[in-house]
Visitor: 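Below is a structure I'd like to ask you about.
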Amino acid sequence: MASQAQKPLCEACRVAVNYVASYELNINDVYFTMTCYYDEESDAPVYVPFFQDQAEVKRAHAKQFIKYLKERQSKICLPVTKRPDIEYWGTDLQAIVIALEMEKELHKHLQELKSLASKNSETDLLEFLKKFLVKQKRNIKYLEYQHSYQKELERLTAEEGTSEEPAEASGRGLTSEHKTASPPLL
């Protein structure tokens, strides 16, 4: 396996690794933008620290993929990836949906890279990818939990709003317990 790490990646894997590194940087940018958006709010949602952490993690992952390309003496050529066309992140539920879609898309790209590595007998790359796939599954699970939690919170807010005064329908009537409930740690 040590000798494989010294030879360049096959072209298909090299292109795919570059794409994953670029996509990780793209997600880093989106998470960073999301955290800046919520920094302006004093009552930020409980998942904002996750967004902050993931902004840093995604950048570190991109660096790891680039370092891997260098170790494998493979050309680095990061393609431009499309960022969500959103300036306003909307409701808490919409922000979570965007994050969940990005994480699922990254997981898909990692799975495709894993298939390519397997097809081309790139055992070193397969080993390298394992930790990223595990982290992606964990992130998706967390965001799916947050998604269901936010949907339930919006449902409860709507129910409270129909039986109370209109000012409370905006969420002002929610107790801090409703707004800041935190999920169990994964």
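Please read these numbers as outputs of a predicted model, since none were measured by experiment.
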Visitor: Name the residue from Phe32, Tyr31, Tyr142 that meets the ring pair (Phe, Tyr, Trp, His ring centres under 6.0 Å) definition with Phe51.
Guide: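 In the set Phe32, Tyr31, Tyr142, the residue that makes a ring pair (Phe, Tyr, Trp, His ring centres under 6.0 Å) with Phe51 is Tyr31.
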Visitor: Are Val30 and Leu25 in one and the same hydrophobic cluster, where Ile, Leu, Val, Met, Phe, Trp and Tyr link if side-chain heavy atoms are under 4.5 Å apart?
Guide: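 Looking at the clustering, Leu25 is in the same group as Val30.
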Visitor: Taking all heavy atoms of Val48 and all of Thr35, pick out the closest pair and write down the distance.
Guide: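 Closest approach of Val48 to Thr35, heavy atoms only: O-CG2, 4.1 Å.
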Visitor: For Leu116 versus Ala16, what's the shortest heavy-atom pair and its separation?
Guide: CD1-CB, 3.8 Å
Visitor: Let me see the working for Glu152 and Leu156 under side-chain contact (heavy atoms from CB on, under 4.5 Å), right down to the final yes or no.
Guide: CA-CA 6 Å; Glu152 180 65 13; Leu156 290 172; 3.9 Å; yes
Visitor: Arg14 and Cys77: which non-hydrogen atoms are nearest, and at how many Å?
Guide: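 So the minimum-distance heavy-atom pair works out to NH1-CB, 4.2 Å.
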Visitor: Between Lys151 and Glu154, does any NZ, NE, NH1 or NH2 come within less than 4.0 Å of an OD or OE carboxylate oxygen?
Guide: no
Visitor: For a 4.5 angstrom cut-off between non-hydrogen side-chain atoms, does Glu101 reach Lys104?
Guide: no
Visitor: So how far is it from Met102 CE to Asn139 CG, rounded to the nearest 0.5 Å?
Guide: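 Met102 CE to Asn139 CG: 10.5 Å, rounded to 0.5 Å.
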Visitor: What distance do Leu93 atom CG and Gln150 atom CD have between them, rounded to the nearest 0.5 Å?
Guide: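 Here the rounded value is 6.5 Å.
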Visitor: Work out which heavy atom in Glu122 is nearest to a heavy atom in Cys13; give both atom names and the distance.
Guide: CG-SG, 4.0 Å
Visitor: Looking at NZ of Lys130 and CG of Leu125, how far apart are the two atoms once the value is rounded to the nearest 0.5 Å?
Guide: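 These two atoms lie 12.0 Å from each other.
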Visitor: Would you give the length of the straight line joining atom CZ of Phe128 to atom CZ of Arg72, rounded to the nearest 0.5 angstrom?
Guide: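 Reported value, rounded in 0.5 Å steps: 11.0 Å.
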Visitor: Please tell me whether Tyr47 and Tyr149 form a close aromatic pair, meaning their ring centres lie under 6.0 Å apart.
Guide: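 Tyr47 vs Tyr149: aromatic centres not under 6.0 Å.
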Visitor: Hydrophobic clustering (ILVMFWY, side-chain heavy atoms < 4.5 Å, transitive) - are Leu143 and Ile98 grouped together?
Guide: yes
Visitor: For residues Ile140 and Tyr23: do they belong to one hydrophobic cluster (side chain heavy atoms under 4.5 Å, members Ile, Leu, Val, Met, Phe, Trp, Tyr)?
Guide: yes
Visitor: Can you name the one residue among Glu144, Arg138, Gln136 that meets side chain to side chain contact (heavy atoms under 4.5 Å, CB included) with Glu103?
Guide: Gln136
Visitor: Is the count of non-hydrogen atoms from other residues, nucleotides or ligands lying under 6.0 Å from Lys114 atom NZ greater than 12?
Guide: no
